[in-house]
Amino acid sequence: MFNFKGKTILVTGGAQGIGKETARGIVEGGGHAVILDINEAVGLATAEELGNASFYKIDLGDCDNIRSVISTVLNDFDRVHGLINVGGVISKLPFQEISDAEWERTIRINLTGTFTTCSAIYPYFIEKKGGRIVNVSSVAGKIGGGLLGTAAYASSKAGVNGLTKAIAKEGGKYGISCNAVCPSFTHTAMTKSLSEDAQKNAKVIGMIPLGRAAEPVEIAQMILFFASDAASFVNGEIGDCDGGIVLD
């Protein structure tokens, strides 16, 4: 649906779920998808399946590793045009059960990991006079959780929303755009346990005006729009792809 001919786009968490469908859209649009994921076996298989794709193993909880991998990728390709941050973790514990370790893990991977990927590629985009960044957040970051992720997850994604706006504001003068997508309940490996719990599944679906969960490809379409030239004048947008939950 979107034109990525001649473009190379990095996708964290690109081995499966929303990230895989995003990488697929890049390839189908004529671009090269660079899949960055901690799951090496699945990532390699996805890259082979998609064809015009590469795989690099990355640990979004390790800042040094992130910077090293991003540096390697930038050296391996003549030009990188975009970064899409899909990778992350869920935290389902109620507030009173969140330990310091659980809080730190969730923030480190979801927020600090996103900051670090953006920070690692930002000077490169300045040098190249432009680049597009898309961060995958969550409606939890707007409504304080309540679907699948709770306080730690919601806080990490609220941070991603603020980070996205700050990068958009500061990066605009360099031709760097930064937008975010906030999905609601989506059928992925991460939400499989909820889908299998009929009572919880019905409760969550009941909160969605469209009356169903999303498929990964549906979330990918908004991500791909923000990553493409079709969104050439869109910057700092926190876009909801949630079936009508937030309505803002």
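The first residue in the sequence is number 1, and the count goes up from there.
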Any side-chain donor-acceptor pair under 3.5 Å between Thr117 and Asn85?
yes

Short side-chain donor-acceptor distance under 3.5 Å, Ser119 and Arg67:
yes

Taking side chain as C-beta onward, heavy atoms only, is Ile84 less than 4.5 Å from Leu10?
no

Determine yes or no for a side-chain-to-main-chain donor-acceptor pair under 3.5 angstrom, with Arg132 supplying the side chain and Ala231 the backbone.
yes

With a 4.5 Å cut-off on side-chain heavy atoms, are Val42 and Asp37 touching?
no

Asp240 CG to Met222 CE distance, which is reported to the nearest 0.5 Å
7.0 Å

Using 30° and 60° as the class boundaries, would you call the ring planes of Phe225 and Phe2 parallel, tilted or perpendicular?
tilted

Looking at Asp242 and Lys142, does any basic side-chain N land under 4.0 Å from a carboxylate oxygen?
no

Contact between Pro183 and Val139 at the side-chain level, heavy atoms closer than 4.5 Å - yes or no?
no

Pairwise distance NZ(Lys157) to OG1(Thr114) - rounded to 0.5 angstrom:
6.0 Å

Go through the steps to decide whether Gln16 and Thr46 satisfy the test side-chain contact (heavy atoms from CB on, under 4.5 Å), and finish with yes or no.
CA-CA 8 Å; Gln16 56 190 336; Thr46 296; 5.7 Å; no

Pair Tyr56-Asp76, side-chain donor/acceptor within less than 3.5 Å
yes

Which distance, rounded to the nearest 0.5 Å, do you find between the OG of Ser99 and the CG of Leu93?
7.5 Å

Rounded to the nearest 0.5 Å, what's the gap from CD1 on Ile167 to CG on Asn179? Could you check?
11.0 Å

Roughly how far, to the nearest 0.5 Å, is CD1 of Ile9 from OG1 of Thr22?
11.0 Å

Cys178 versus Asn135: any side-chain heavy-atom pair under 4.5 Å?
yes

Please report the C-alpha distance between Lys128 and Tyr174 in whole Å, then the side-chain angles of each, then the deciding distance to 0.1 Å, and finally whether the side-chain contact (heavy atoms from CB on, under 4.5 Å) criterion is met.
CA-CA 9 Å; Lys128 298 299 183 181; Tyr174 303 113; over 6 Å; no

side-chain contact (heavy atoms from CB on, under 4.5 Å) with Ile58: of Leu36, Val73, Ile35, only one passes, and it is Leu36

Take His32 and Phe77 through the ring pair (Phe, Tyr, Trp, His ring centres under 6.0 Å) test and state the conclusion after the steps.
CA-CA 10 Å; His32 184 88; Phe77 292 89; 5.3 Å; yes

Using a distance-only test with no angle check, is there a side-chain donor-acceptor pair under 3.5 angstrom linking Glu215 and Thr186?
no

How many angstroms lie between CD1 in Ile176 and OH in Tyr124, if you round to the nearest 0.5 Å?
11.5 Å

Salt-bridged, Arg212 to Glu218, with N to O below 4.0 Å?
yes

pair Phe185-Ile245: side-chain heavy atoms closer than 4.5 Å
no

